[in-house]
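A quick write-up on the structure given underneath.
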There are 2 protein chains.
Amino acid sequence: MQNAFVEIAGVKRSLHVQVAREIARKILSGEVAQNEIIPGEMTLCEQFKVSRTSLREAIKLLTSKGLLESKPKVGTRVTDRENWNFLDSQLLDWLIDIGDNNAVYRDFLSLRNALEPEAAALAAENATAQQRILLSATFQRMDDISKDFELESWTEADMEFHRLIFLSTGNSFYLPFANVLCTMFKSFITHSSVRGSTCINEHRAIYSAIMAGDSSKARQANIDLLSKSKRRLPGSS
Amino acid sequence: MQNAFVEIAGVKRSLHVQVAREIARKILSGEVAQNEIIPGEMTLCEQFKVSRTSLREAIKLLTSKGLLESKPKVGTRVTDRENWNFLDSQLLDWLIDIGDNNAVYRDFLSLRNALEPEAAALAAENATAQQRILLSATFQRMDDISKDFELESWTEADMEFHRLIFLSTGNSFYLPFANVLCTMFKSFITHSSVRGSTCINEHRAIYSAIMAGDSSKARQANIDLLSKSKRRLPGSS
DNA sequence: CCCACTTTATTTGTATTACTATTAATTCAA
DNA sequence: TTGAATTAATAGTAATACAAATAAAGTGGG
(Lines give C-alpha, C1' and ligand atoms only; values in the text may rest on other atoms or scores of the structure.)
Protein backbone atom coordinates (compact mmCIF):
# COMPACT_ATOMS: atom_id res chain seq x y z
CA MET A 1 0.00 0.00 0.00
CA GLN A 2 2.29 2.74 -1.21
CA ASN A 3 0.77 4.56 -4.16
CA ALA A 4 -2.73 4.96 -2.77
CA PHE A 5 -1.83 8.63 -2.43
CA VAL A 6 -1.52 10.32 -5.79
CA GLU A 7 -3.22 12.84 -8.10
CA ILE A 8 -4.75 16.15 -7.14
CA ALA A 9 -8.10 17.69 -7.90
CA GLY A 10 -7.81 20.79 -10.04
CA VAL A 11 -10.37 22.82 -8.10
CA LYS A 12 -10.08 26.36 -6.80
CA ARG A 13 -9.78 26.25 -3.00
CA SER A 14 -6.66 26.67 -0.95
CA LEU A 15 -4.07 24.02 -1.42
CA HIS A 16 -4.13 22.35 1.94
CA VAL A 17 -7.92 21.96 1.73
CA GLN A 18 -7.58 20.23 -1.62
CA VAL A 19 -5.00 17.89 -0.19
CA ALA A 20 -7.08 17.28 2.93
CA ARG A 21 -10.08 16.51 0.77
CA GLU A 22 -8.15 13.96 -1.25
CA ILE A 23 -6.81 12.18 1.81
CA ALA A 24 -10.20 12.33 3.53
CA ARG A 25 -11.84 10.77 0.50
CA LYS A 26 -9.44 7.85 0.61
CA ILE A 27 -10.03 7.36 4.32
CA LEU A 28 -13.81 7.68 4.26
CA SER A 29 -14.16 5.42 1.25
CA GLY A 30 -12.06 2.78 2.97
CA GLU A 31 -9.37 2.94 0.29
CA VAL A 32 -6.90 3.25 3.14
CA ALA A 33 -7.81 1.09 6.11
CA GLN A 34 -8.31 2.13 9.70
CA ASN A 35 -5.18 1.97 11.85
CA GLU A 36 -3.08 2.02 8.73
CA ILE A 37 0.00 4.22 8.76
CA ILE A 38 0.00 6.59 5.84
CA PRO A 39 3.25 7.51 4.05
CA GLY A 40 5.60 10.00 5.70
CA GLU A 41 5.34 13.73 5.18
CA MET A 42 8.14 13.87 2.63
CA THR A 43 6.60 11.12 0.52
CA LEU A 44 3.21 12.79 0.54
CA CYS A 45 4.76 16.15 -0.35
CA GLU A 46 6.22 14.60 -3.48
CA GLN A 47 3.04 12.75 -4.40
CA PHE A 48 0.81 15.81 -4.00
CA LYS A 49 3.47 18.20 -5.28
CA VAL A 50 3.01 20.60 -2.37
CA SER A 51 5.30 22.02 0.28
CA ARG A 52 5.60 20.44 3.67
CA THR A 53 3.85 23.47 5.18
CA SER A 54 0.72 22.90 3.14
CA LEU A 55 0.76 19.19 3.66
CA ARG A 56 1.08 19.63 7.40
CA GLU A 57 -1.83 22.06 7.43
CA ALA A 58 -3.88 19.46 5.59
CA ILE A 59 -2.94 16.78 8.09
CA LYS A 60 -3.72 19.12 10.98
CA LEU A 61 -7.16 19.69 9.51
CA LEU A 62 -7.84 15.98 9.27
CA THR A 63 -6.42 15.40 12.73
CA SER A 64 -8.83 17.94 14.16
CA LYS A 65 -11.70 16.00 12.60
CA GLY A 66 -10.48 12.84 14.26
CA LEU A 67 -9.38 11.08 11.08
CA LEU A 68 -5.64 11.06 11.69
CA GLU A 69 -3.19 10.87 14.56
CA SER A 70 0.52 11.71 14.39
CA LYS A 71 3.40 10.63 16.59
CA PRO A 72 7.10 11.30 16.12
CA LYS A 73 9.09 8.41 14.76
CA VAL A 74 6.03 6.22 14.22
CA GLY A 75 4.24 8.36 11.66
CA THR A 76 0.66 9.37 10.95
CA ARG A 77 -2.01 6.74 11.38
CA VAL A 78 -5.66 6.56 10.36
CA THR A 79 -7.72 6.39 13.53
CA ASP A 80 -10.60 4.05 14.34
CA ARG A 81 -13.90 4.99 12.78
CA GLU A 82 -15.23 5.59 16.28
CA ASN A 83 -13.18 8.75 16.46
CA TRP A 84 -14.30 10.29 13.18
CA ASN A 85 -16.39 13.37 13.80
CA PHE A 86 -19.44 12.70 11.65
CA LEU A 87 -21.05 15.89 12.92
CA ASP A 88 -18.48 18.03 11.12
CA SER A 89 -20.01 19.80 8.14
CA GLN A 90 -16.92 19.56 5.97
CA LEU A 91 -16.54 15.87 6.72
CA LEU A 92 -20.20 15.36 5.87
CA ASP A 93 -19.70 17.10 2.54
CA TRP A 94 -16.83 14.77 1.75
CA LEU A 95 -18.84 11.78 2.87
CA ILE A 96 -21.80 12.72 0.69
CA ASP A 97 -19.53 13.22 -2.30
CA ILE A 98 -18.32 9.66 -2.06
CA GLY A 99 -21.48 7.73 -2.67
CA ASP A 100 -24.04 5.70 -0.76
CA ASN A 101 -26.00 8.65 0.60
CA ASN A 102 -29.09 6.64 1.38
CA ALA A 103 -27.42 5.23 4.46
CA VAL A 104 -26.28 8.72 5.44
CA TYR A 105 -29.73 10.22 5.03
CA ARG A 106 -31.36 7.37 6.90
CA ASP A 107 -28.93 7.63 9.80
CA PHE A 108 -29.37 11.37 9.95
CA LEU A 109 -33.13 11.08 10.02
CA SER A 110 -32.74 8.70 12.92
CA LEU A 111 -30.70 11.32 14.77
CA ARG A 112 -33.27 14.00 14.05
CA ASN A 113 -35.85 11.64 15.49
CA ALA A 114 -34.04 11.64 18.77
CA LEU A 115 -33.09 15.29 18.89
CA GLU A 116 -35.75 17.47 17.34
CA PRO A 117 -38.67 16.65 19.63
CA GLU A 118 -36.55 17.49 22.66
CA ALA A 119 -35.16 20.56 20.92
CA ALA A 120 -38.67 21.79 20.17
CA ALA A 121 -39.65 21.22 23.79
CA LEU A 122 -36.62 23.14 25.03
CA ALA A 123 -37.26 25.94 22.54
CA ALA A 124 -40.80 26.29 23.84
CA GLU A 125 -39.37 26.90 27.28
CA ASN A 126 -36.24 28.89 26.52
CA ALA A 127 -36.55 30.80 23.25
CA THR A 128 -35.73 34.47 23.68
CA ALA A 129 -37.93 37.28 22.41
CA GLN A 130 -35.53 37.85 19.55
CA GLN A 131 -35.59 34.19 18.60
CA ARG A 132 -39.38 34.11 18.70
CA ILE A 133 -39.46 37.00 16.26
CA LEU A 134 -37.12 35.19 13.88
CA LEU A 135 -39.17 32.02 14.18
CA SER A 136 -42.38 33.90 13.44
CA ALA A 137 -40.91 35.51 10.36
CA THR A 138 -39.62 32.19 9.09
CA PHE A 139 -42.88 30.37 9.67
CA GLN A 140 -44.69 33.18 7.89
CA ARG A 141 -42.46 32.59 4.88
CA MET A 142 -43.16 28.85 5.00
CA ASP A 143 -46.86 29.50 5.15
CA ASP A 144 -46.71 31.80 2.14
CA ILE A 145 -44.57 29.44 0.11
CA SER A 146 -46.77 26.45 0.90
CA LYS A 147 -49.62 28.15 -0.92
CA ASP A 148 -47.59 28.64 -4.06
CA PHE A 149 -45.15 25.77 -3.81
CA GLU A 150 -41.63 26.11 -5.16
CA LEU A 151 -39.15 23.45 -4.10
CA GLU A 152 -35.96 25.39 -3.59
CA SER A 153 -37.32 28.34 -1.65
CA TRP A 154 -39.44 26.05 0.50
CA THR A 155 -36.52 23.80 1.35
CA GLU A 156 -34.55 26.85 2.37
CA ALA A 157 -37.32 28.11 4.66
CA ASP A 158 -37.88 24.64 6.06
CA MET A 159 -34.19 24.38 6.87
CA GLU A 160 -34.17 27.78 8.54
CA PHE A 161 -37.19 26.83 10.64
CA HIS A 162 -35.62 23.72 12.11
CA ARG A 163 -32.29 25.46 12.43
CA LEU A 164 -33.86 28.20 14.52
CA ILE A 165 -35.40 25.64 16.83
CA PHE A 166 -31.97 24.21 17.59
CA LEU A 167 -30.61 27.70 18.20
CA SER A 168 -33.52 28.55 20.50
CA THR A 169 -33.03 25.67 22.92
CA GLY A 170 -30.78 27.71 25.17
CA ASN A 171 -28.55 24.64 25.32
CA SER A 172 -25.06 24.94 23.89
CA PHE A 173 -24.88 21.28 22.98
CA TYR A 174 -27.72 21.63 20.52
CA LEU A 175 -26.03 24.43 18.59
CA PRO A 176 -23.75 22.25 16.44
CA PHE A 177 -26.75 20.45 14.99
CA ALA A 178 -27.97 23.66 13.43
CA ASN A 179 -24.99 23.64 11.09
CA VAL A 180 -25.10 19.93 10.40
CA LEU A 181 -28.76 20.24 9.53
CA CYS A 182 -27.96 22.97 7.02
CA THR A 183 -25.29 20.85 5.39
CA MET A 184 -27.70 17.97 4.97
CA PHE A 185 -30.49 20.17 3.60
CA LYS A 186 -28.14 21.74 1.07
CA SER A 187 -27.04 18.31 -0.03
CA PHE A 188 -30.71 17.39 -0.39
CA ILE A 189 -31.12 20.29 -2.78
CA THR A 190 -28.07 19.68 -4.95
CA HIS A 191 -28.75 15.95 -5.10
CA SER A 192 -32.40 16.84 -5.64
CA SER A 193 -34.02 14.16 -3.56
CA VAL A 194 -37.73 14.57 -3.94
CA ARG A 195 -39.62 15.93 -0.97
CA GLY A 196 -43.27 15.84 -1.85
CA SER A 197 -45.44 17.96 0.37
CA THR A 198 -44.80 20.73 2.82
CA CYS A 199 -46.47 19.35 5.94
CA ILE A 200 -47.42 22.91 6.66
CA ASN A 201 -50.01 21.94 9.25
CA GLU A 202 -47.55 19.84 11.18
CA HIS A 203 -45.08 22.71 11.08
CA ARG A 204 -47.77 25.08 12.23
CA ALA A 205 -48.46 22.85 15.22
CA ILE A 206 -44.80 22.98 16.24
CA TYR A 207 -44.64 26.71 15.71
CA SER A 208 -47.77 27.43 17.72
CA ALA A 209 -46.70 25.22 20.60
CA ILE A 210 -43.30 26.89 20.82
CA MET A 211 -44.78 30.37 20.73
CA ALA A 212 -47.28 29.33 23.41
CA GLY A 213 -44.45 27.98 25.55
CA ASP A 214 -46.07 24.54 25.65
CA SER A 215 -43.11 22.17 25.70
CA SER A 216 -44.96 18.85 25.70
CA LYS A 217 -47.18 19.93 22.84
CA ALA A 218 -44.12 21.11 20.90
CA ARG A 219 -42.42 17.78 21.49
CA GLN A 220 -45.42 15.80 20.33
CA ALA A 221 -45.97 18.01 17.28
CA ASN A 222 -42.38 17.44 16.21
CA ILE A 223 -42.77 13.71 16.67
CA ASP A 224 -45.84 13.83 14.45
CA LEU A 225 -43.98 15.73 11.75
CA LEU A 226 -41.09 13.29 11.76
CA SER A 227 -43.31 10.24 11.63
CA LYS A 228 -45.08 11.73 8.65
CA SER A 229 -41.97 12.64 6.67
CA LYS A 230 -40.40 9.30 7.50
CA ARG A 231 -42.90 7.64 5.21
CA ARG A 232 -41.63 9.62 2.22
CA LEU A 233 -37.89 9.33 2.53
CA PRO A 234 -35.74 6.64 0.93
CA GLY A 235 -34.33 3.90 3.09
CA SER A 236 -36.99 3.88 5.77
CA SER A 237 -39.76 1.43 6.45
CA MET B 1 -8.72 46.02 22.62
CA GLN B 2 -5.11 45.30 21.86
CA ASN B 3 -3.32 43.64 24.74
CA ALA B 4 -5.99 41.07 25.57
CA PHE B 5 -3.56 38.54 24.10
CA VAL B 6 -0.52 38.05 26.28
CA GLU B 7 1.19 35.53 28.58
CA ILE B 8 1.61 31.82 27.98
CA ALA B 9 0.89 28.82 30.16
CA GLY B 10 4.06 26.97 31.11
CA VAL B 11 2.63 23.49 30.49
CA LYS B 12 4.17 20.64 28.54
CA ARG B 13 2.15 20.12 25.35
CA SER B 14 3.13 21.14 21.87
CA LEU B 15 3.44 24.83 21.30
CA HIS B 16 0.50 25.45 19.04
CA VAL B 17 -1.83 23.65 21.43
CA GLN B 18 -0.72 25.88 24.27
CA VAL B 19 -1.35 28.95 22.17
CA ALA B 20 -4.70 27.62 20.95
CA ARG B 21 -5.72 26.93 24.52
CA GLU B 22 -4.91 30.45 25.59
CA ILE B 23 -6.85 32.04 22.76
CA ALA B 24 -9.74 29.61 23.22
CA ARG B 25 -9.93 30.49 26.89
CA LYS B 26 -10.25 34.17 26.06
CA ILE B 27 -12.96 33.47 23.51
CA LEU B 28 -14.99 31.03 25.59
CA SER B 29 -14.82 33.21 28.69
CA GLY B 30 -16.04 36.18 26.67
CA GLU B 31 -12.87 38.15 27.29
CA VAL B 32 -12.82 38.77 23.56
CA ALA B 33 -16.27 39.35 22.11
CA GLN B 34 -17.98 37.53 19.28
CA ASN B 35 -17.40 39.04 15.85
CA GLU B 36 -14.37 40.85 17.19
CA ILE B 37 -11.28 40.88 14.99
CA ILE B 38 -8.27 39.57 16.86
CA PRO B 39 -4.80 41.09 16.30
CA GLY B 40 -2.87 40.13 13.15
CA GLU B 41 -0.58 37.15 12.94
CA MET B 42 2.60 39.15 13.41
CA THR B 43 1.27 40.88 16.50
CA LEU B 44 0.20 37.60 18.05
CA CYS B 45 3.54 36.01 17.21
CA GLU B 46 5.28 38.69 19.24
CA GLN B 47 2.84 38.52 22.14
CA PHE B 48 3.04 34.73 22.45
CA LYS B 49 6.72 34.62 21.54
CA VAL B 50 6.20 31.87 18.98
CA SER B 51 6.91 31.53 15.28
CA ARG B 52 4.29 32.28 12.70
CA THR B 53 4.13 28.57 11.83
CA SER B 54 3.07 27.60 15.33
CA LEU B 55 0.67 30.48 15.62
CA ARG B 56 -0.97 29.55 12.34
CA GLU B 57 -1.33 25.95 13.46
CA ALA B 58 -3.03 27.22 16.59
CA ILE B 59 -5.40 29.38 14.59
CA LYS B 60 -6.12 26.52 12.20
CA LEU B 61 -7.03 24.36 15.19
CA LEU B 62 -9.46 26.96 16.52
CA THR B 63 -10.88 27.55 13.06
CA SER B 64 -11.63 23.86 12.72
CA LYS B 65 -13.59 24.03 15.98
CA GLY B 66 -15.61 26.92 14.61
CA LEU B 67 -14.22 29.55 16.97
CA LEU B 68 -12.36 31.63 14.38
CA GLU B 69 -12.65 32.60 10.74
CA SER B 70 -9.88 34.10 8.62
CA LYS B 71 -10.12 36.18 5.49
CA PRO B 72 -7.35 37.93 3.59
CA LYS B 73 -7.05 41.63 4.20
CA VAL B 74 -9.77 41.67 6.85
CA GLY B 75 -8.07 39.48 9.43
CA THR B 76 -9.14 36.74 11.81
CA ARG B 77 -12.48 37.19 13.49
CA VAL B 78 -14.21 35.43 16.38
CA THR B 79 -17.30 33.72 15.00
CA ASP B 80 -20.82 33.75 16.43
CA ARG B 81 -21.38 31.39 19.30
CA GLU B 82 -23.76 29.44 17.08
CA ASN B 83 -20.79 28.12 15.18
CA TRP B 84 -18.76 26.90 18.12
CA ASN B 85 -18.54 23.15 18.15
CA PHE B 86 -19.52 22.33 21.70
CA LEU B 87 -19.33 18.63 20.92
CA ASP B 88 -15.57 18.79 20.50
CA SER B 89 -13.80 17.10 23.41
CA GLN B 90 -10.91 19.53 23.50
CA LEU B 91 -13.24 22.52 23.44
CA LEU B 92 -15.24 20.95 26.26
CA ASP B 93 -12.09 20.54 28.32
CA TRP B 94 -11.30 24.19 27.85
CA LEU B 95 -14.84 25.17 28.68
CA ILE B 96 -14.86 23.14 31.88
CA ASP B 97 -11.55 24.67 32.94
CA ILE B 98 -13.05 28.12 32.79
CA GLY B 99 -15.74 27.91 35.41
CA ASP B 100 -19.48 27.64 35.68
CA ASN B 101 -19.68 23.91 35.09
CA ASN B 102 -23.13 23.50 36.55
CA ALA B 103 -24.67 24.97 33.42
CA VAL B 104 -22.49 22.69 31.30
CA TYR B 105 -23.43 19.58 33.23
CA ARG B 106 -27.11 20.49 33.19
CA ASP B 107 -27.11 21.11 29.45
CA PHE B 108 -25.26 17.89 28.83
CA LEU B 109 -27.71 15.90 30.88
CA SER B 110 -30.46 17.40 28.79
CA LEU B 111 -28.73 16.17 25.64
CA ARG B 112 -28.29 12.71 27.12
CA ASN B 113 -31.98 12.75 27.84
CA ALA B 114 -32.72 13.15 24.17
CA LEU B 115 -30.09 10.82 22.81
CA GLU B 116 -29.53 7.88 25.10
CA PRO B 117 -33.01 6.33 25.02
CA GLU B 118 -32.92 6.30 21.22
CA ALA B 119 -29.33 5.06 21.25
CA ALA B 120 -30.29 2.20 23.54
CA ALA B 121 -33.19 1.32 21.26
CA LEU B 122 -30.94 1.35 18.20
CA ALA B 123 -28.31 -0.71 20.00
CA ALA B 124 -30.91 -3.33 20.82
CA GLU B 125 -31.59 -3.66 17.12
CA ASN B 126 -28.15 -3.24 15.62
CA ALA B 127 -25.42 -4.27 18.06
CA THR B 128 -23.00 -6.73 16.49
CA ALA B 129 -21.97 -9.97 18.17
CA GLN B 130 -18.62 -8.42 19.05
CA GLN B 131 -20.30 -5.39 20.60
CA ARG B 132 -22.65 -7.58 22.63
CA ILE B 133 -19.65 -9.40 24.07
CA LEU B 134 -18.03 -6.12 25.09
CA LEU B 135 -21.27 -4.89 26.60
CA SER B 136 -21.66 -8.10 28.58
CA ALA B 137 -18.16 -7.88 29.96
CA THR B 138 -18.65 -4.26 30.94
CA PHE B 139 -21.96 -4.86 32.65
CA GLN B 140 -20.43 -7.77 34.51
CA ARG B 141 -17.80 -5.40 35.85
CA MET B 142 -20.47 -2.90 36.89
CA ASP B 143 -22.37 -5.61 38.67
CA ASP B 144 -19.28 -6.70 40.57
CA ILE B 145 -18.26 -3.19 41.51
CA SER B 146 -21.76 -2.30 42.69
CA LYS B 147 -21.48 -4.95 45.39
CA ASP B 148 -18.26 -3.50 46.72
CA PHE B 149 -18.63 0.12 45.75
CA GLU B 150 -15.60 2.22 44.84
CA LEU B 151 -16.27 5.55 43.14
CA GLU B 152 -13.51 5.76 40.57
CA SER B 153 -13.67 2.26 39.17
CA TRP B 154 -17.45 2.40 39.05
CA THR B 155 -17.49 5.72 37.21
CA GLU B 156 -15.09 4.25 34.68
CA ALA B 157 -17.25 1.18 34.11
CA ASP B 158 -20.41 3.29 33.97
CA MET B 159 -18.80 5.50 31.34
CA GLU B 160 -17.70 2.50 29.29
CA PHE B 161 -21.21 1.04 29.43
CA HIS B 162 -22.91 4.11 28.00
CA ARG B 163 -20.09 4.64 25.56
CA LEU B 164 -20.55 1.13 24.18
CA ILE B 165 -24.25 1.78 23.66
CA PHE B 166 -23.46 4.76 21.44
CA LEU B 167 -20.93 2.69 19.51
CA SER B 168 -23.43 -0.14 19.08
CA THR B 169 -26.17 1.89 17.43
CA GLY B 170 -24.88 1.16 13.94
CA ASN B 171 -25.46 4.86 13.23
CA SER B 172 -22.40 6.96 12.40
CA PHE B 173 -23.94 10.12 13.77
CA TYR B 174 -24.06 8.67 17.27
CA LEU B 175 -20.36 7.86 17.33
CA PRO B 176 -19.10 11.34 18.26
CA PHE B 177 -21.15 11.29 21.45
CA ALA B 178 -19.14 8.38 22.73
CA ASN B 179 -16.08 10.60 22.98
CA VAL B 180 -17.96 13.59 24.36
CA LEU B 181 -19.46 11.39 27.01
CA CYS B 182 -16.02 10.20 28.07
CA THR B 183 -14.77 13.76 28.33
CA MET B 184 -17.65 14.70 30.60
CA PHE B 185 -17.27 11.63 32.78
CA LYS B 186 -13.56 12.27 33.23
CA SER B 187 -14.31 15.82 34.21
CA PHE B 188 -16.82 14.47 36.72
CA ILE B 189 -14.04 12.44 38.29
CA THR B 190 -11.40 15.15 38.49
CA HIS B 191 -13.89 17.71 39.73
CA SER B 192 -15.25 14.98 42.02
CA SER B 193 -18.92 15.71 41.76
CA VAL B 194 -20.69 13.27 44.00
CA ARG B 195 -22.64 10.52 42.35
CA GLY B 196 -24.41 8.67 45.09
CA SER B 197 -25.68 5.27 44.09
CA THR B 198 -25.01 2.94 41.21
CA CYS B 199 -28.54 2.42 39.87
CA ILE B 200 -27.41 -1.09 39.10
CA ASN B 201 -30.94 -2.37 38.62
CA GLU B 202 -31.77 0.33 36.10
CA HIS B 203 -28.57 -0.46 34.24
CA ARG B 204 -29.40 -4.13 34.31
CA ALA B 205 -32.75 -3.40 32.70
CA ILE B 206 -31.06 -1.55 29.84
CA TYR B 207 -28.49 -4.27 29.44
CA SER B 208 -31.03 -7.07 29.38
CA ALA B 209 -33.25 -5.30 26.88
CA ILE B 210 -30.38 -4.65 24.50
CA MET B 211 -29.17 -8.25 24.69
CA ALA B 212 -32.74 -9.43 24.10
CA GLY B 213 -33.03 -7.15 21.08
CA ASP B 214 -36.07 -5.44 22.59
CA SER B 215 -35.72 -1.85 21.42
CA SER B 216 -38.77 -0.34 23.11
CA LYS B 217 -37.90 -1.90 26.44
CA ALA B 218 -34.32 -0.64 26.07
CA ARG B 219 -35.59 2.85 25.34
CA GLN B 220 -37.91 2.86 28.34
CA ALA B 221 -35.26 1.45 30.66
CA ASN B 222 -32.87 4.22 29.66
CA ILE B 223 -35.55 6.82 30.28
CA ASP B 224 -36.09 5.37 33.73
CA LEU B 225 -32.38 5.51 34.51
CA LEU B 226 -32.10 9.14 33.43
CA SER B 227 -35.15 10.25 35.36
CA LYS B 228 -33.71 8.64 38.45
CA SER B 229 -30.22 10.14 38.15
CA LYS B 230 -31.69 13.53 37.29
CA ARG B 231 -32.89 13.84 40.86
CA ARG B 232 -29.34 13.63 42.16
CA LEU B 233 -27.47 16.00 39.91
CA PRO B 234 -26.95 19.71 40.53
CA GLY B 235 -28.94 22.20 38.56
CA SER B 236 -32.00 20.08 37.85
CA SER B 237 -35.44 20.25 39.32
C1' DC C 1 22.34 -15.94 27.52
C1' DC C 2 19.78 -12.12 29.20
C1' DC C 3 18.83 -7.74 30.93
C1' DA C 4 19.57 -2.85 31.34
C1' DC C 5 21.60 0.97 29.30
C1' DT C 6 23.32 3.79 25.40
C1' DT C 7 23.46 5.11 20.90
C1' DT C 8 21.54 5.87 16.45
C1' DA C 9 18.32 6.73 12.87
C1' DT C 10 13.89 8.19 11.53
C1' DT C 11 9.92 10.93 11.83
C1' DT C 12 7.24 14.60 13.43
C1' DG C 13 7.51 19.37 15.66
C1' DT C 14 9.20 24.19 15.56
C1' DA C 15 11.40 28.20 13.60
C1' DT C 16 12.79 31.53 10.08
C1' DT C 17 12.47 33.84 5.89
C1' DA C 18 10.86 34.81 1.47
C1' DC C 19 7.50 35.09 -1.87
C1' DT C 20 2.50 34.75 -3.78
C1' DA C 21 -2.50 35.42 -3.85
C1' DT C 22 -6.46 37.69 -2.34
C1' DT C 23 -9.14 41.55 -1.39
C1' DA C 24 -10.74 45.87 1.15
C1' DA C 25 -9.83 50.51 0.69
C1' DT C 26 -8.13 54.28 -1.84
C1' DT C 27 -7.27 56.97 -5.69
C1' DC C 28 -8.00 58.93 -9.97
C1' DA C 29 -10.15 59.54 -14.34
C1' DA C 30 -14.44 59.51 -17.16
C1' DT D 1 -21.14 60.38 -9.17
C1' DT D 2 -19.48 56.32 -10.79
C1' DG D 3 -16.34 52.85 -11.72
C1' DA D 4 -12.09 51.02 -13.06
C1' DA D 5 -7.17 50.80 -11.77
C1' DT D 6 -3.84 51.04 -7.95
C1' DT D 7 -2.29 50.31 -3.42
C1' DA D 8 -1.59 48.26 0.90
C1' DA D 9 -2.56 44.84 4.31
C1' DT D 10 -3.31 40.21 5.40
C1' DA D 11 -3.54 35.33 4.81
C1' DG D 12 -1.59 31.41 1.98
C1' DT D 13 2.41 28.77 0.13
C1' DA D 14 7.16 27.54 -0.10
C1' DA D 15 11.92 26.12 1.14
C1' DT D 16 15.19 25.19 4.52
C1' DA D 17 17.26 24.38 8.87
C1' DC D 18 17.26 22.67 13.27
C1' DA D 19 15.04 20.54 17.66
C1' DA D 20 12.62 16.92 20.07
C1' DA D 21 10.79 12.49 20.55
C1' DT D 22 11.10 7.68 20.24
C1' DA D 23 11.39 2.95 18.23
C1' DA D 24 14.97 0.04 17.08
C1' DA D 25 19.50 -1.43 16.94
C1' DG D 26 23.66 -1.93 19.30
C1' DT D 27 26.68 -2.51 23.55
C1' DG D 28 28.42 -3.77 27.89
C1' DG D 29 28.01 -6.03 32.38
C1' DG D 30 26.03 -9.66 35.00
Side-chain angles (χ1 to χ4, degrees), chain A residues 1-2 4-5 7-23 27 32 35-79 83 90, chain B residues 1-2 4-5 7-23 27 32 35-79 83 90:
Chain A
M1 176 58 67
Q2 180 70 289
F5 284 86
E7 87 233 26
I8 185 164
V11 213
K12 292 291 170 188
R13 292 171 152 164
S14 65
L15 257 185
H16 70 265
V17 175
Q18 292 179 44
V19 174
R21 195 192 124 93
E22 265 315 294
I23 299 178
I27 294 175
V32 298
N35 284 87
E36 183 175 326
I37 300 232
I38 68 176
E41 292 183 342
M42 286 316 187
T43 315
L44 291 175
C45 285
E46 290 166 9
Q47 290 181 338
F48 283 109
K49 308 260 177 58
V50 297
S51 71
R52 199 174 156 222
T53 309
S54 292
L55 183 87
R56 279 181 59 78
E57 289 199 346
I59 288 181
K60 279 247 157 298
L61 186 62
L62 296 177
T63 301
S64 75
K65 297 187 191 312
L67 296 179
L68 294 177
E69 206 173 30
S70 297
K71 267 199 299 187
K73 174 69 183 179
V74 55
T76 301
R77 131 181 356 257
V78 178
T79 59
N83 295 298
Q90 203 170 20
Chain B
M1 179 55 71
Q2 181 70 291
F5 284 87
E7 87 234 26
I8 185 164
V11 213
K12 292 294 171 187
R13 292 169 155 165
S14 64
L15 257 185
H16 72 265
V17 176
Q18 292 180 43
V19 174
R21 195 193 124 93
E22 264 316 293
I23 299 178
I27 295 175
V32 298
N35 285 88
E36 184 175 325
I37 298 215
I38 68 176
E41 292 185 340
M42 286 317 185
T43 315
L44 291 175
C45 286
E46 289 166 9
Q47 290 181 339
F48 284 109
K49 310 260 175 61
V50 296
S51 71
R52 198 171 156 229
T53 310
S54 292
L55 183 87
R56 279 179 58 76
E57 290 196 344
I59 287 181
K60 280 243 158 303
L61 185 62
L62 296 177
T63 301
S64 75
K65 299 189 190 310
L67 295 179
L68 294 177
E69 203 174 34
S70 298
K71 266 200 301 186
K73 175 68 183 175
V74 55
T76 300
R77 130 180 358 257
V78 178
T79 59
N83 295 298
Q90 205 170 17

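Lettering follows sequence order; numbering is per chain, from 1. Atoms considered below: every heavy atom in the structure, side chains included; atoms not considered: hydrogens, waters and symmetry mates.
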Separation of [N] [atom2] from [X] [atom1] (nearest whole Å):
| X | N | atom1 | atom2 | answer |
| --- | --- | --- | --- | --- |
| A/Lys60 | D/dT13 | NZ | C1' | 17 Å |
| A/Leu61 | D/dG12 | CG | C1' | 14 Å |
| B/Lys73 | D/dG12 | NZ | P | 15 Å |
| B/Met42 | C/dC19 | CE | C1' | 12 Å |
| A/Arg56 | D/dT16 | CZ | C1' | 14 Å |
| B/Lys71 | C/dT23 | NZ | C1' | 9 Å |
| A/Leu68 | C/dT11 | CG | C1' | 15 Å |
| B/Glu46 | C/dA15 | CD | C1' | 15 Å |

Please check if atom CD in A/Glu41 has more than 12 non-hydrogen atoms from other residues, nucleotides or ligands closer than 6.0 Å. yes

Measuring only between side-chain heavy atoms, which start at C-beta, is B/Leu61 closer than 4.5 Å to B/Gln90? yes

Please examine the side chains of B/Glu57 and A/Arg56, heavy atoms only from C-beta on, and report whether any two atoms are closer than 4.5 Å. yes

Counting side-chain heavy atoms from C-beta on, which of D/dT13, C/dG13, C/dT22 comes nearest to A/Glu57? D/dT13

Looking at C/dT23, C/dT12, D/dT13, which one has an atom nearest to any side-chain atom of A/Ser70? C/dT12

Using a cut-off of 4.0 Å on non-hydrogen atoms, how would the nucleic acid contact of A/Thr53 be classed: base, sugar-phosphate, or nothing? base

Derivation of the side chain to side chain contact (heavy atoms under 4.5 Å, CB included) call for A/Val19 and A/Leu55: CA-CA 7 Å; A/Val19 174; A/Leu55 183 87; 4.0 Å; yes

Pick out which of A/Asn83, A/Asn35, A/Leu68 makes a side-chain contact (heavy atoms from CB on, under 4.5 Å) with A/Val78. A/Leu68

Taking only N and O in the side chain of B/Thr76, is any of them less than 4.0 Å away from OP1 or OP2 of D/dA11? yes

For B/His16 and C/dG13, is the shortest distance between a side-chain N/O and OP1 or OP2 below 4.0 Å? no

Select from A/Ser54 and B/Val74 the residue whose nearest nucleotide in DNA chain D is closer to the 5' end of that strand. B/Val74

